[in-house]
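Below is one structure; the comments refer to it alone.
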Number of protein chains: 4
Amino acid sequence: MKKKDLTKEKKILDATVEIIIADGAAAISTTKVANKVGISQSNIYLYFKDKRALLDGVYLREISRLGQTAGMKLVLDPNEDILTRCFMYLKSMYDFSLQNPHSLYVLEQIKLLSKDAADYLAQLVGPKNPMAELFTAGINSGVLRQIDRSLSMTVLFSVIEKHTENLQNGLYTEADVSFETVSRMIWAALTVVPYPENLLNK
Amino acid sequence: MKKKDLTKEKKILDATVEIIIADGAAAISTTKVANKVGISQSNIYLYFKDKRALLDGVYLREISRLGQTAGMKLVLDPNEDILTRCFMYLKSMYDFSLQNPHSLYVLEQIKLLSKDAADYLAQLVGPKNPMAELFTAGINSGVLRQIDRSLSMTVLFSVIEKHTENLQNGLYTEADVSFETVSRMIWAALTVVPYPENLLNK
Amino acid sequence: MKKKDLTKEKKILDATVEIIIADGAAAISTTKVANKVGISQSNIYLYFKDKRALLDGVYLREISRLGQTAGMKLVLDPNEDILTRCFMYLKSMYDFSLQNPHSLYVLEQIKLLSKDAADYLAQLVGPKNPMAELFTAGINSGVLRQIDRSLSMTVLFSVIEKHTENLQNGLYTEADVSFETVSRMIWAALTVVPYPENLLNK
Amino acid sequence: MKKKDLTKEKKILDATVEIIIADGAAAISTTKVANKVGISQSNIYLYFKDKRALLDGVYLREISRLGQTAGMKLVLDPNEDILTRCFMYLKSMYDFSLQNPHSLYVLEQIKLLSKDAADYLAQLVGPKNPMAELFTAGINSGVLRQIDRSLSMTVLFSVIEKHTENLQNGLYTEADVSFETVSRMIWAALTVVPYPENLLNK
DNA sequence: TATGAATGAGTGTTCATTCAT
DNA sequence: AATGAATGAACACTCATTCAT
C-alpha cells in the first residue's frame, strides 16, 4: 500500500477524472481506469485500497486544487476587509471554475455516487472549514444575507458550475455573459449590500 | 407491453423512487426494485421495456406532478401581470417542493445519471416549454435580470432543493428559515425589481 | 389444444418460417412469433403445446410440401422405368427448391436445433420412406451408383440447396448456371449411366 | 486479455467443441462451457472477449487444423500437374475428416449459427483462398467440371462429412464403403475426366 | 512494484411456460 | 378462443476484489 510512484498515482486519478467527464461517475470501473492508464487492473489496488478510496482520491485532489487557487490567500487574510474578502471569494471561485472547467462537475458527480454525500460536503462547507468563519463574519458585519450558509453556497456553486458548463457547450461566450453579469446575480443573492463596482477590475 | 394493472406500475415507480431517495439513482437495479415491490424481477419488464424506460417513467411522473401544481394555472395566465406571474412561479415551486420533498432531488438524480441530460432538461426548461415565454416576457418588461435563462433556473431550483433537503434533514425548521427569507434571496438573484411585499400573503 | 382456426395456425407457422429465413432457427422465440402474427404470446400455446411442437409443425409442413410436388406422382409410379423415375426425382427436387427457395434451408435450420436430428431425417430418408424402394431398385437395375443411399441424398440435397441459395443471393442467374448444368453434376455423382439427354425437355 | 495459460484456452475450446458435438452449436452457453472445464463462468471472458470470439476461436482452430493437413503441401505445389493436385485435395480432405471426425461438423454448425456465414465461408472458400486458384486452373485445363466453385465444394464437403458421420454412427465400416467408393462419387461430380486409378495407392 | 489469473456476485434482458379470466 | 399477468431459469457480460508470483 506504499505509494512510491506518485506519477502513477496521478495518472490513475487523471484517468478516473477523464471517465467521469466523458461518461459520468457511475461509469467508473477499475477496468476502464486501468485500460486508460495502460496498467493492469490489479495495479490500481497498490495505489488505492478500494474503489471508494479511488473516488476519495479524485474528490480530495479536486477540493485541494480549489483551495489552492490564487485568490484564496487574499480571501483567508483576516486583515482584509470583509466585503473585499467576500467578493474575492466569489471571483476566485469563478476564475477557478473557468480554468478548471470540469472540477465542479467532477465533485458533483462523485457526491452523486455517495449516500454519505453529507460527509463529503462537510469537508468543503463543514464547520471545520476556514470558509465557515468568513461567512459568520460576513453576516455579522452586515454584508452577507442572513440565511443558512448552505443556501448561499448552493447559489454560488450551482450558478458558476452551470455557467461553466454553458461556456463549455458553446451555448454562449464570455462576451455574451461576462463575469460581471454572473457575479452581479450571485452577489445579489448572497449579500444585502450594493455590488462593489470598484473591485471589478482589481 | 399493455399496462392494465396501473396499481402495479405505480408500485414499481414508487419503489424506484424510494431507492433513489435512500441510495441515489446509481444504486437502482431491477432486482432491487422488484424485491421492494415484492414481485419477480422479470415482471418489471412487463411494465417497462427497459431500465431506461423505468427511469424515464419516474422522471416523467415527477415532471408532470410539478406541472400540475396548483399555482401553475395563475403562472401561465397571460392576462395576469408579469411581476405577479414571476413571483407566483417562485412560490409555486417552493410550495411544490415542500409538499413533494423528494421530487426535485429525484429529478436531479436521474438527470445526473444520463449523459443525455440535456434532452431531459429540455422538457423542463426547453424552448418548447411554456415557461420560456414567461422568461422572455419577464426580461422584456424589465422585471427579470437580463441573463441566460438556464442560470436563473439553476438558482431557483438549486436553492429550493437545498432548502427542502435541509428541512428534511432537520438542519433547521421553517420557523428558522421561512419562505420569505428564501424567496427574498431567489428574487434578488432573478429580478432587478424590489421584492413584492404585497404578494407575500396573497 | 383444439385447433379450430386453421388460418391462425398457418399464420403462426408462416411467421416462424419468416424468422428462420431472416435470422436462423436459433433466433425463434414465441414472443417474436406472436408479435409477427399480431397475437398474444400465450395464444400460441393453444395451437402448439410446445416450442418443440411449433418447430415440428414447421418441419412437417415443409416436408409434406416437398412430398406433394407435382413430379412426385411420376417418381412413385412403379410402372415407369427406373431411369426416368430417378431423373424425375432429381428434376422434381430441383423445381421444388426453386419454387420454394427457403424450404430446404428451413429444414436444415430446424435439424440444426435438434440433437435428435437423425429422427427427423428418418421421416425423409428413413426406411419407411417410399423413396427407399426407388433407391434399391435404382441400384439393382444398374442405374444408381452402388453406395449408401444417405451419401447420394446428401449430394442431391446439398447441391440443390446451395444452388438455390446462390440464385437467391444473386451470385449468378439461371442463365449462367442452368438446370442442365446442375443436374449433370448431380447425375454424375448419383448414377453410373450417361446423362439422359432425351429427358431434359420432357 | 493476455493469454498466458494456453492450456486453459485450449481446454475452453475443447469443451466448446464437445458441446457442439453433443448438442449442437445452438446449445453453447458460457455457463455450460465453464462447467465443463471446471472454471468459473466469468473466467472465460479472460480468454475470449465475447461469446462470438469463443465461437470464432473454435472455428479458426478447426480451419487451421484443416490447412495443416499433410497432403496440403502437395495440393498447393504449382509444379505438380493439375489432375494430381485435384485428386490429392480430395484425398487430403477425406483423410483429414476421418482423422478429425468432428471437424467438418463443427465448422458447419458454427456457420449455420451465424447469419454472416458468408464472411466465415469466405476464409475457407473465399477469393483470397489459395484453393480458388486451384479451381480456376482445374477448370481451364479441362479437368474440373465447368460450374460455380461453391457447388463443387458443397459436394466435396457434404459427402465427406456425411460419410464420416456414418462411420462414427456405425452405420457401416470403411470396409463396406471405402475411400475409393466415396472418392469415385465425388470425382464424378467434380471432374469431367476419368477417375485416376493410378493415384489411388500413391 | 507490478501483473495475470481467478472468482463470486451482480447487471439487464429474454425466454418458455402457466394460469386465471 | 384468446389474453394479460406472472414467474423462474437462463442468458451474456461486467465488476470489485484477491492472490500467487
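Throughout, a chain's letter reflects where its sequence line sits, starting with A, and its residues are numbered from 1. Being a predicted model, the structure only gives us computed values, none of them experimental.
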Would you mind reporting whether C/V17 and C/E62 have side-chain heavy atoms less than 4.5 Å apart? yes
Distance col, row A/Y105:OH vs A/I21:CD1, nearest 0.5 angstrom, shows 9.0 Å
Could you tell me how far apart A/E9 (CD) and E/dA2 (C1') are, to the nearest whole angstrom? 16 Å
Please name all residues satisfying side-chain hydrogen bond (donor to acceptor under 3.5 Å, both in side chains) with C/E165, sequence neighbours left out, ordered by chain then number. none
Sequence neighbours excluded, the answer for side-chain hydrogen bond (donor to acceptor under 3.5 Å, both in side chains) partners of C/D14 is C/K10, C/R61
Would you sketch DNA chain E in dot-bracket for me? Only Watson-Crick or G-U wobble pairs with both distances under 3.5 Å count, crossing pairs as [ ], other-strand pairs as |, the rest as dots. .||||||||||||||||||||
Indicate the atoms forming the closest heavy-atom contact of A/A25 with A/L113, along with that distance. O-CD1, 3.4 Å
Would you say F/dA6 has OP1 or OP2 under 4.0 Å from some side-chain N or O of B/Y47? yes
Give the rounded distance in Å between these two atoms: CD1 of D/I44 and P of F/dC13. 11 Å
Excluding sequence neighbours, so at least two apart, what forms salt bridge (charged side-chain N to carboxylate O under 4.0 Å, His left out) with D/E108? none
A/I12 CD1 to E/dT1 P, straight-line distance once rounded to whole Å: 12 Å
Could I get the full list of salt bridge (charged side-chain N to carboxylate O under 4.0 Å, His left out) partners for D/E161, not counting sequence neighbours? none
For B/L54 and E/dG12, what is the distance between atoms CG and C1' respectively, to the nearest whole Å? 12 Å
Once each nucleotide of nucleotides 14-21 of chain F is scored for protein heavy atoms under 4.0 Å, what B/S/- sequence comes out, 5' to 3'? BSBBBB--
How close or far is atom C1' of E/dA9 from atom CG of B/N35, stated in whole angstroms? 14 Å
Who are the side-chain contact (heavy atoms from CB on, under 4.5 Å) partners of A/S40, not counting sequence neighbours? A/S42, A/N43
Whole angstroms only, please: what is the CG-C1' distance between B/L46 and F/dA5? 6 Å
Against the side chain of A/K8, the closest entry in E/dA6, F/dG8, E/dA2 is E/dA2
A/K11 has an atom NZ; how far is it from atom P of E/dT1, in whole Å? 15 Å
Pair listing, side chain to side chain donor-acceptor pair (under 3.5 Å) test, anchored in residues 28-37 of chain D, at least two apart: D/T30-D/Q41
Euclidean distance, atom CG of residue A/N43 to atom C1' of E/dA5 [Å, nearest integer]: 15 Å
